[in-house]
Novice: 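What follows is a single structure, and I will ask about it in a moment.
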Number of protein chains: 2
Amino acid sequence: MSAASTSSRDRIIEASIAILDGSGEDGLTFRALSERLATGPGAIYWHVPNKGDLLTAACDAIIARAMNAPLVGATPQAIIRTLALGMFDAIDAHPWVGSALTRAPGQLPMVRILERIGRQVSALGVPDEEQWATVGALLNYILGVGAQNAANGQLGRTRGIDRSDFLDAVATTWSQLDPDAYAFTRSMAAHLRGHDDRRDFLAGIDLILSGIEASRRL
Amino acid sequence: MSAASTSSRDRIIEASIAILDGSGEDGLTFRALSERLATGPGAIYWHVPNKGDLLTAACDAIIARAMNAPLVGATPQAIIRTLALGMFDAIDAHPWVGSALTRAPGQLPMVRILERIGRQVSALGVPDEEQWATVGALLNYILGVGAQNAANGQLGRTRGIDRSDFLDAVATTWSQLDPDAYAFTRSMAAHLRGHDDRRDFLAGIDLILSGIEASRRL
DNA sequence: ACCTGAACACCGTTCAAGT
DNA sequence: ACCTGAACACCGTTCAAGT
């Protein structure tokens, strides 16, 4: 627990996060990593078993910070909203976390989120046999948004276009779709441009929360 | 529209689906693909611009079949349930579709789902300015489950363990977590073994649907 | 117009050899 | 105990050359 000392493994993970933030998932390479750490590719394998585990460890470092933030909120609902927003902001700042999360099912990063949200679902009074499905709904929704954010970030980097240019391009494509076959999608093209991701994310959380409350009243 | 003729591109996509189903995402290689098609790797590039687009095209073929199935259901809610289950079953049969979907945001596969679900959300009477967030909640939830299914399938293949062995391993790990720090996760370990993914998936859809209905009543 | 297959510039991972 | 760096077995993609 000596906060001062930093192990080789910690340095590897920190360097990985820096590379992932700067160059995305494709940028994280054992060669790039070893260059940054002024060592050989083989050295890293002494501390980390493979690339998948390295990505999960980097992901876990981010999730741990987000989930250990102090929880303000009077009600379980308010705390769930705070936790969900914490996840959104973490993934927004580190888009690669969104895809890293889904690739490590049942592992530590996911468990941290499961635990935090699960306790609030329990506090909400959801009966035991419904808790798993209820937490799952919240978790999978957060995961879906996260994965989508990750994909957008990745696309933006590889094609060198920023977010609003990308949304513009999608909106244009949508508005040129067949009016009969894609009436709804066309009607959404306009919304696409100006919409606030964070606000929409929270609206989804609120929808699930009110669904939980409605179920409780039956 | 001559259904009898099959273009080279169609043959490439069919072969890709066969490889993806049999060997997973890592198995889809331009070399493996060209071998199956009895041609050279370069030939494929005449019909498909790159691997990403190939994956999206294969994904779209699966999604198109699922979304074009005849819709039975008296109410918009019932139709949404049918559509969602269609997605679940498609991803269950082709796990790679789950991750391919998230990697093609705003593109055709996603638009097909958006359109089908969006129309029902509209039929539900959700006001225009809430439709985007509402469809997004359903879509992102489905996406999250799909991505998780894809990851499970991938993990199962690379580590050569089947689903129930994997769940067993996760349940064992969870039950050995710290009792104070991970009380909720530990209590879920038992549920993990016997749970029915498809039923839980539908429970999540119903939670969102009842959340939508509750919002409408305000 | 479409196909061939060698070649290029990379990967993750291993492993003998060092300190 | 930990690091080095060459080597192995792959990738996606390109492109001159063919038909």
Novice: Rounded to whole Å, please give me the gap between CD in A:Glu35 and P in C:dC11.
Specialist: 11 Å
Novice: Under 4.5 Å between any side-chain heavy atoms of B:Trp174 and B:Arg186, yes or no?
Specialist: no
Novice: Atom CG of A:Leu37 and atom P of D:dT4: how far apart are they, to the nearest Å?
Specialist: 10 Å
Novice: Are any non-hydrogen side-chain atoms of B:Leu55 and B:Leu20 less than 4.5 angstrom apart?
Specialist: yes
Novice: Going 5' to 3' along nucleotides 14-19 of chain C, which nucleotides have protein heavy atoms under 4.0 Å from the base (write B), which only from the sugar-phosphate (write S), and which from neither (write -)?
Specialist: BB----
Novice: Taking atom P of D:dC11 as reference, at what distance in whole Å does atom CG of B:Leu28 sit?
Specialist: 11 Å
Novice: Of the nucleotides D:dC3, C:dG12, D:dG12, which has the atom closest to the B:Phe30 side chain?
Specialist: D:dG12
Novice: Let's see if you can work this out: which of D:dA1, D:dT13, D:dA7 has an atom nearest to the side-chain heavy atoms of A:Trp46?
Specialist: D:dA1
Novice: Given pairs defined as Watson-Crick or G-U wobble with both distances under 3.5 Å, what dot-bracket annotation applies to DNA chain D, with ( ) intrastrand, [ ] crossing, | other strand and . unpaired?
Specialist: ||.|||||...|||||.||
Novice: I need the CG-P distance between B:Leu55 and D:dC11, as an integer number of Å.
Specialist: 16 Å
Novice: Between B:Asp60 and B:Arg112, is any pair of side-chain heavy atoms under 4.5 Å apart?
Specialist: yes
Novice: Quote, to the nearest angstrom, the C1' distance that separates D:dC8 from C:dC11.
Specialist: 12 Å
Novice: Compare all side-chain heavy atoms of B:Val145 with those of B:Asp197 and state whether any distance is below 4.5 angstrom.
Specialist: no
Novice: Assess the pair A:Tyr141 and B:Tyr141: is the distance between their ring centroids shorter than 6.0 Å?
Specialist: no
Novice: Between D:dA1 atom P and A:His47 atom NE2, what is the distance in whole Å?
Specialist: 13 Å
Novice: Pick base, sugar-phosphate or nothing for B:Leu33, based on heavy-atom distances below 4.0 Å to the nucleic acid.
Specialist: nothing
Novice: Round to the nearest Å and state the distance from B:Asp53 atom CG to D:dG12 atom P.
Specialist: 14 Å
Novice: Please pick, from D:dC3, C:dG12, D:dT13, the nucleotide with the shortest atom-to-atom distance to any side-chain atom of B:Arg31.
Specialist: D:dT13
Novice: Establish, from distance only, whether the side-chain atoms of B:Gln154 and B:Asp26 form a donor-acceptor pair under 3.5 Å.
Specialist: yes
Novice: Cut-off 3.5 Å, side chains only: do B:Thr102 and A:Gln148 have a donor facing an acceptor?
Specialist: no
Novice: Is the shortest side-chain N to carboxylate O distance from B:Glu25 to B:Arg103 below 4.0 Å?
Specialist: yes
Novice: Which heavy atom of B:Met67 sits nearest to which heavy atom of B:Ile113, and what is that distance?
Specialist: SD-CA, 4.0 Å
Novice: What nucleotide, of D:dC3, C:dG12, D:dG12, holds the atom closest to the side chain of B:Thr29?
Specialist: D:dG12
Novice: Could you tell me the separation between the CZ atom of B:Arg9 and the C1' atom of C:dC3, rounded to a whole number of Å?
Specialist: 18 Å
Novice: Check A:Glu115 against B:Phe184 and note the closest heavy-atom contact, atom names and distance.
Specialist: OE2-N, 3.0 Å
Novice: Looking only at the side chain of B:Lys51 (C-beta and beyond, no hydrogens), which of the listed nucleotides D:dT13, C:dT13, D:dT4 gets closest?
Specialist: D:dT13
Novice: Which whole-number value in Å describes the distance from A:Ile44 CD1 to C:dC11 P?
Specialist: 13 Å
Novice: Could you work out the separation of D:dC2 and C:dA17 based on their C1' atoms and round it to a whole Å?
Specialist: 13 Å
